[in-house]
Amino acid sequence: MKALVLEKPNQLVLKQIQTPRPQEDEVLVRVKACAICGSDVHGLDDSTGRRHPPIVMGHEASGTVEQTGGAAGDFQPGDRVVFNSTLFCGKCHYCRRGLQNMCVNGKVFGVSSDSYRLQGAMAEYIAVPGRILYRLPEEVSFEQAALVEPVSIAVHAIGSAGIKLDDVAVVFGAGTIGILLVKLLRLSSCGKVISVDIDEEKLRFAVKNGADHAFNPAGIDLQSRILECTGGQGADLAFEAVGVPATVKAGIEGLRKMGSLVLLGNLTPIIDLPIQRVVLKQLKLIGSYAFANEAETSLKLLAAKSVTVDDLISAVVPLEDGPRMFERLRNGEKGLRKVILNP
Ligand SMILES: [Zn+2]
Ligand SMILES: [Zn+2]
């Protein structure tokens, strides 16, 4: 089969590799759409320790069932499916409680770290266990389904936050996850949504997607602007979808007393915290990782068009164009959001 292989750091090559054979509990999926994730772009040079070559990347994908093992569940060839980006075991303490993102044996497709290598979906076929598959509603296209992972990440984060009627929320970062957070907050009982990013084009897009205010912290006093929008109180909630010291600090400082900061970003592994502020104001810091059983919620939202992702998809291209699109994404081309590969 054709696959896009990261052969060496920064060297993506389209080549023929062995088609996987499904095990008993697996389904062979004919990949129809695979989105390029920011983590794939960051991992290209092997600097994140999560994409050691050689590896076929890609964990945001959908397709049709080609063939099933004997015990992969109730799937037939031709069924339209999307799979969880995490290969969870289904047996551990967390999996048994529906917390698949906390699985102690969890592995992410298209990742090769020091502890494991799991081939991803930037290829014609991928074999995955039936337990991690979700059926696609008729209304959801393969391209839209490839974005079920980021949508579910945002759904999970919002679920962790405990939003109340008329809350004011600040979203740091207006990339894919940041925009999905804005869209979903608009759908929730949230009162005001404030988007923060250093990229003006992204801020305009956040406003288009329902943000009431959009601030570029460069050259303004962000804290006083947040106070102005919240009657001098500070925000009830903040979502940090970047993971660098400045935004985490700004997230903490923008909260009212007893506010909550949901942390999704983790670009910088260790950062300084204004701990005194956290303690004295009784703030809540909540980590939010991947998603647990939210994929079905996301599929329902997509099917009902309550959440749209079409405006996040900038290009749908054949697998052959993968290397070129990776390059454009790495160069941070303005307005280029999600790119979907059609193997
Ligand atoms: Zn991803
Ligand atoms: Zn598990």
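The structure presented is a predicted model; accordingly, all values stated were derived computationally and were not measured. The residues of the chain are indexed from 1 along the displayed sequence. Every number for a ligand or one of its atoms is a count from 1 in the order of the listing.
Linking Ile, Leu, Val, Met, Phe, Trp and Tyr residues whenever their side-chain heavy atoms come within less than 4.5 Å leaves Phe239 and Phe215 in two separate clusters. Hydrophobic clustering keeps Val128 apart from Met1 (ILVMFWY residues linked when any side-chain heavy atoms are closer than 4.5 Å, directly or through intermediates).
Scanning all heavy atoms of the two residues, the minimum distance from Cys95 to Gln100 falls at SG-CA, 4.3 Å. Residue Lys2 comes nearest to Glu320 through the heavy atom pair NZ-OE2, 3.1 Å, listed as atom of the first residue, atom of the second, then distance.
Of all protein N, O or S atoms, those under 2.8 Å from the Zn ion (ligand 1) number 4.
Between the side chains of Tyr134 and Asn84, at least one donor-acceptor pair of N or O atoms lies under 3.5 Å.
Within the protein, the N, O or S atoms lying under 2.8 Å from the Zn ion (ligand 2) are Cys89 SG, Cys92 SG, Cys95 SG, Cys103 SG.
How far CZ of Arg256 is from CD of Gln282: 11.5 Å, rounded to the nearest 0.5 Å.
Contact check on Arg337 versus Glu201 returns a salt bridge, with a Lys/Arg side-chain nitrogen under 4.0 Å from an Asp/Glu carboxylate oxygen. Using a 4.0 Å cut-off between charged side-chain N and carboxylate O, Asp197 and Arg204 make no salt bridge. Under the 4.0 Å criterion applied to side-chain N and carboxylate O atoms, Glu327 and Arg324 are not assigned as salt-bridge partners.
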